[in-house]
Amino acid sequence: EYSDSMYAEEINMTNGDAVGISMLEYARMYAVAAKIGTFKEQRLIGIICVVLISMIGVFSLLTLLSAALKKPIALIIFNVINFGVFRMLSWDLEDRGVVPNSSYIWGISYYLYQICAVIILIGAIWLLVTKIRMKRRGNEMSLADVI
């Protein structure tokens, strides 16, 4: 009914835009909160959320790069760190009542992200075992190739 009304003027977001809000839009909102927050706590929360969301993006890219280069140990490390940061952000949003609440629930991507993290971990372990087996069979592969 009020989809054209402003939800957040600072970032030019209407109520209609806020219905399917993404993590990037959350980051934009928290960046604005960090910049113009009237209370120290608002600025701190904004900064922490922007850092956590940025870390998820960086570790997602590092996880993807590790997978593309077939580096199972790096893949495991970046995937676990990424999932840990994701869970910290999720806990923070839940603890402050941002999501889920009376207006918003977790979307499908929240659940898919966790499922994909487990699949990536299983795939990385499988890749590591495969590389170790190949090395034992006498294929020329250095320890650097496994790591």
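Linking ILVMFWY side-chain heavy atoms closer than 4.5 Å, directly or via other members, places L52 and W106 in a single hydrophobic cluster. Under the 4.5 Å side-chain heavy-atom criterion for grouping Ile, Leu, Val, Met, Phe, Trp and Tyr, F83 is connected to L93 within one hydrophobic cluster. Hydrophobic cluster membership is shared by V58 and M55, with clusters built from Ile, Leu, Val, Met, Phe, Trp and Tyr side chains linked at under 4.5 angstrom. No continuous path of hydrophobic side-chain contacts links I81 to L64 [ILVMFWY only; heavy atoms under 4.5 Å]. In the hydrophobic cluster analysis, where Ile, Leu, Val, Met, Phe, Trp and Tyr join through side-chain heavy atoms closer than 4.5 angstrom, V80 is grouped apart from I115.
Using a 4.5 Å cut-off on side-chain heavy atoms (C-beta onward), L89 and V85 make no contact. Considering only heavy atoms from C-beta on, F59 stays 4.5 Å or farther from S54 through its side chain.
The minimum heavy-atom distance linking F78 with S66 is given by the pair CD1-OG, 3.3 Å. Across all non-hydrogen atoms, the minimal contact from S90 to Y110 is OG-CE1, 3.5 Å. Taking each heavy atom of V50 and A31 in turn, the nearest pair found is CG2-N, 3.5 Å. Between K70 and K131 the shortest heavy-atom distance is O-NZ, 2.6 Å.
Checked by atom type, the side-chain pair N82/S60 shows a donor-acceptor distance below 3.5 Å.
For the atom pair K71 NZ and T63 OG1, the distance stands at 15.5 Å (nearest 0.5 Å). Summarising the geometry, atom CD1 belonging to I132 is positioned 6.5 Å from atom CZ belonging to R136; distances are rounded to the nearest 0.5 Å. Atom CE of M88 is separated from atom CD1 of I56 by 8.5 Å, given to the nearest 0.5 angstrom.
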Residues 117-129 side chain polar contacts: donor-acceptor under 3.5 Å, at least two apart:
none

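When the salt bridge (charged side-chain N to carboxylate O under 4.0 Å, His left out) test is applied to R96, the partners found at least two apart in sequence or on another chain are D92.
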